[in-house]
Amino acid sequence: MTSMNRRTLTVVAVAAIVIVLAAGVYFSDRGDGGSGAADAGTSATSGTDSAGEGADPREVEKEVGLARRDADDVMAMGDKDADLVLIEYSDYRCPFCGAFARDTLPKLKEEYIDTGKVRYEWRDFPVFGEESVEAAMAARAAGEQDLYWEYNEAMYADAPERGHLKVNDDKIMAWAEEVGVPDMDQFEKDLDDPDLRAKVEADTQEARQVGATGTPAFVLGDQLIAGAQPVDSFRQLLDDELAAVEQN
């Protein structure tokens with residue numbers, strides 16, 4: 001299981017995240033692709049598990065403090081009381097994120113999320129410039145009208161397998177019409193909502209705090225997984241953690 005080795009999220013980093021989110025202090029996203037962020041591909045991080053073998057994943061999750069488990073979170077899927085929470089930090093313009101969304105997530109949704117075993121929570125991590133920020137804002141604007149995942153899927157359906165999705169005003173509106181956003185005037189207003197932008201920036205800061213340097217990146221408990229891993233790697237990871245839950 002070398003491709004899915006654990007990386008400890010330090011107490012300092014977690015404390016910083018809690019302070020940032022609780023105080024409502026949001027940091028600006030450089031968003032220029034020049035911050036050292038890049039497509040993560042299929043590489044994975046390495047590290048050690050501070051909790052040790054046999055630790056209850058639910059207690060580890062509480063200690064780390066990243067999972068939100070908010071029943072009203074439109075950017076999450078699955079039972080808020082599921083045994084595990086898988087967090088993804090992602091960019092709509094990242095081709096590897098698109099591959100995960102199209103090929104891997106549907107399988108995980110069917111096998112783990114829809115069955116109540118795992119909750120999945122999305123975080124915006126726009127690393128490929130202002131277009132990535134605009135895409136994140138557009139999805140959130142659709143989410144204000146309960147169409148977040150429909151909009152998410154529409155963008156990834158249009159994304160190329162190689163290279164970056166092009167995002168412009170015409171496409172943003174076309175995707176909204178495609179998924180049936182009922183109030184297009186409100187949608188346009190929400191595209192410039194400073195509160196939504198602040199949430200995008202907060203997610204970005206959280207991603208950097210946990211050590212994500214590329215997209216997609218995932219957190220499960222105290223494990224940071226880099227890259228669009230094969231579905232079988234996710235299955236092995238989730239099955240191992242679910243087995244640990246049963247043992248505790």
Side-chain angles (χ1 to χ4, degrees), residues 9 12-37 64-77 80 85-94 97 101 119-152 154-156 165 167-169 171-173 175-176 179 181 183-219 224:
L9 304 180
V12 173
V14 173
I17 294 166
V18 172
I19 292 171
V20 167
L21 297 181
V25 179
Y26 299 103
F27 292 77
S28 295
D29 171 29
R30 288 194 293 271
D32 56 5
S35 61
V64 171
L66 292 173
R68 296 170 184 169
R69 293 185 179 270
D70 180 357
D72 296 323
D73 185 358
V74 298
M75 297 167 58
M77 292 189 289
K80 72 178 184 65
V85 176
L86 178 67
I87 302 169
E88 179 183 2
Y89 298 90
S90 200
D91 184 323
Y92 288 105
R93 301 187 66 228
C94 162
C97 301
R119 180 171 174 82
Y120 168 83
E121 298 183 355
W122 170 284
R123 305 283 193 273
D124 288 312
F125 190 23
V127 297
F128 293 108
E130 183 61 25
E131 287 183 48
S132 294
V133 176
E134 291 173 359
M137 290 289 292
R140 285 179 179 268
E144 291 293 292
Q145 300 187 47
D146 297 322
L147 289 168
Y148 181 83
W149 288 109
E150 290 83 353
Y151 200 94
N152 175 299
M155 279 198 285
Y156 277 135
L165 174 69
V167 180
N168 55 45
D169 291 346
K171 285 190 171 184
I172 286 172
M173 298 307 293
W175 289 320
V179 303
V181 170
D183 189 338
M184 294 294 286
D185 290 338
Q186 185 61 49
F187 175 79
E188 286 194 78
K189 291 178 183 177
D190 288 336
L191 292 174
D192 298 316
D193 186 339
D195 290 337
L196 293 185
R197 181 171 286 266
K199 291 176 181 179
V200 173
E201 292 171 352
D203 277 2
T204 301
Q205 179 64 13
E206 181 180 304
R208 290 173 178 156
Q209 292 282 5
V210 303
T213 58
T215 51
F218 304 86
V219 166
L224 176 63

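All values reported here derive from a predicted model rather than from experimental measurement. Just so you know, these numbers use all the heavy atoms, side chains as well, and skip hydrogens, waters and symmetry mates.
With contacts defined as side-chain heavy-atom distances shorter than 4.5 Å, the pair Lys171/Glu134 does not qualify. Within the 4.5 Å cutoff, the side chain of Leu165 has no heavy atoms near those of the Phe128 side chain. Looking only at side-chain heavy atoms (C-beta outward), Val219 and Glu206 stay at 4.5 Å or farther from each other. Side-chain atoms of Arg197 and Arg140, non-hydrogen and from C-beta on, never get closer than 4.5 Å to each other.
Looking only at distances, a side-chain donor or acceptor of Gln145 sits under 3.5 Å from a matching main-chain atom of Asp183. Using a distance-only test at 3.5 Å, with no hydrogens or angles considered, a donor-acceptor pair links the side chain of Asp91 to the main chain of Val127. Between the side chain of Glu131 and the main chain of Arg93, no donor-acceptor pair closer than 3.5 Å is present. A donor-acceptor pair is defined here as one N or O able to donate and one able to accept, closer than 3.5 Å; no such pair exists between the side chain of Trp122 and the backbone of Val74.
Under the side chain to side chain contact (heavy atoms under 4.5 Å, CB included) criterion, Asp195 pairs with Asp193, not counting sequence neighbours. Every residue two or more places apart in sequence or in another chain that forms a side chain to side chain contact (heavy atoms under 4.5 Å, CB included) with Ala139 is listed here: Tyr92, Tyr148, Tyr151, Met155.
Annotation: salt bridge (Lys or Arg N to Asp or Glu O under 4.0 Å) contacts involving residues 142-151, sequence neighbours excluded, are absent.
To the nearest 0.5 Å, the span separating OH on Tyr89 from CG on Leu66 amounts to 4.5 Å. Atom CG of Leu191 sits about 6.0 Å away from atom CD1 of Ile172, to the nearest 0.5 Å. The distance from atom CE of Met75 to atom CG of Asn152, rounded to the nearest 0.5 Å, is 9.0 Å. Of the inter-residue distances, the one linking Asp203 atom CG with Phe125 atom CZ reads 10.5 Å to the nearest 0.5 angstrom. Atom CD of Glu201 and atom NZ of Lys199 lie 13.0 Å apart (nearest 0.5 Å). Note that CZ of Arg119 is 7.5 Å distant from CZ of Arg69, once rounded to the nearest 0.5 Å.
When every heavy atom of Tyr156 is checked against every heavy atom of Ser90, the shortest pair comes out as OH-OG, 3.3 Å. Trp175 and Ala154 get closest at one heavy-atom pair: NE1-O, 3.8 Å. In terms of heavy-atom proximity, Ala217 sits nearest to Leu224 at CB-CD1, 4.4 Å. Minimum heavy-atom separation, Val133 to Pro126: N-CB, 3.8 Å. Residues Val200 and Met137 come closest through the heavy atom pair CG2-SD, 4.1 Å. In plain terms, the two heavy atoms of Val85 and Glu121 that are nearest each other are CG1-CD, 3.7 Å.
Within 6.0 Å of NZ on Lys80 lie no more than 12 heavy atoms contributed by other residues, nucleotides or ligands. Annotation for Asp70: atom CG counts as buried by contact number, over 12 foreign heavy atoms lying within 6.0 Å.
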